[in-house]
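All chains are named by letter (A, B, ...) in the order of the sequence lines, taking the proteins before the strands, and each is independently numbered beginning at 1.
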Amino acid sequence: EAGVTQFPSHSVIEKGQTVTLRCDPISGHDNLYWYRRVMGKEIKFLLHFVKESKQDESGMPNNRFLAERTGGTYSTLKVQPAELEDSGVYFCASSQDRYTIYFGEGSWLTVV
Amino acid sequence: RKEVEQDPGPFNVPEGATVAFNCTYSNSASQSFFWYRQDCRKEPKLLMSVYSSGNEDGRFTAQLNRASQYISLLIRDSKLSDSATYLCVVNEGTYKYIFGTGTRLKVLA
């Protein structure tokens with residue numbers, strides 16, 4: 001069974017540009033999460049979808065970040081315009097319940 | 001004060017040693033507790049859940065002390081392959097996980 005897959009695995013963009021990260025959850029998982037880790041900090045929650053609905057977006061840092069999950073399948077996280085402090089690794093995760101969540105390998109973003 | 005605090009290490013131990021990590025959490029209402037393992041530039045993977053009664057999985061033992069709000073992980077007979085970052089993770093009853101910064105372990109030959 002395929003795990004959580006993320007694309008791209010690495011991205012280098014200039015400040016002010018736009019980047020869109022994609023996540024395909026494990027098939028059948030209604031819950032999808034985005035987390036990120038910026039340099040030297042802990043992994044932090046960004047938001048949680050149940051199917052196509054945003055359940056909790058309390059961790060989204062500002063309105064430059066937009067997450068969508070059309071049709072309740074894959075999700076995208078867009079950063080527009082990107083700033084230097086957005087550099088880090090963005091993890092997507094999915095789960096059937098809240099006790100066991102499975103992470104993707106992450107999308108490493110570098111803003112220069 | 002951080003919600004979940006861990007000693008970042010690194011802990012450098014010889015093969016075969018026993019090593020223990022602790023983690024403290026600030027919210028007394030926290031409900032679920034986990035240890036995750038993260039290898040360099042990889043995703044976090046669940047190592048084990050932590051229960052009040054304590055639980056063991058092979059060489060790994062996890063303990064939860066609710067009164068003192070700390071969680072521990074004990075690794076016996078360390079292997080080179082145990083080298084990784086160990087993340088303490090707390091859930092407060094929602095779907096949001098709260099991570100510690102992780103403790104780096106390096107097992108030396």
Can you say whether [X] sits under 4.5 Å from chain A via the side chain, the backbone, both, or neither, judging by heavy atoms?
X: B:K2; value: side chain
X: B:Q38; value: side chain
X: B:E3; value: neither

Show the atom names and distances, to 0.1 Å, of all donor-acceptor pairs under 3.5 Å that link a side chain in residues 78-86 of chain A to residues at least two apart or in another chain.
residue	atom	partner	partner atom	Å
A:Q80	NE2	A:T18	OG1	3.4
A:D86	OD1	A:R64	NH2	3.0
A:D86	OD2	A:R64	NH1	2.6
A:D86	OD2	A:R64	NH2	3.4
A:D86	OD2	A:E83	N	2.7

Counting only heavy atoms from other residues, nucleotides and ligands, does the tally under 6.0 Å from [atom1] of [X] exceed 12?
X: A:K54; atom1: NZ; value: yes
X: A:E105; atom1: CD; value: no
X: A:F7; atom1: CZ; value: no
X: B:F34; atom1: CZ; value: yes

Report which part of [X] has an atom under 4.5 Å of a heavy atom belonging to chain B: side chain, backbone, both, or neither.
X: A:Y35; value: side chain
X: A:D97; value: backbone
X: A:T100; value: both

Strictly less than 4.5 Å between heavy atoms, which residues of residues 94-105 of chain B line up against chain A? Please order them by number.
B:T94, B:Y95, B:K96, B:Y97, B:F99, B:G100, B:T101
Are [Y] and [X] connected in a single hydrophobic cluster, I mean Ile/Leu/Val/Met/Phe/Trp/Tyr linked by side-chain heavy atoms less than 4.5 Å apart?
X: B:V50; Y: B:L47; value: yes
X: B:Y86; Y: B:L46; value: no
X: B:W35; Y: B:I75; value: yes
X: B:L87; Y: B:Y25; value: no
X: B:L80; Y: B:V13; value: yes

Chain B-proximal positions within residues 43-52 of chain A [heavy-atom distance under 4.5 Å]:
A:I43, A:F45, A:H48
What's the shortest heavy-atom distance between B:P44 and A:F91, and which atoms?
CD-CE2, 3.9 Å
Using the salt bridge (charged side-chain N to carboxylate O under 4.0 Å, His left out) rule, collect all pairs that involve residues 64-77 of chain B, keeping only residues at least two apart or in two chains.
B:E56-B:R76, B:D77-B:K79
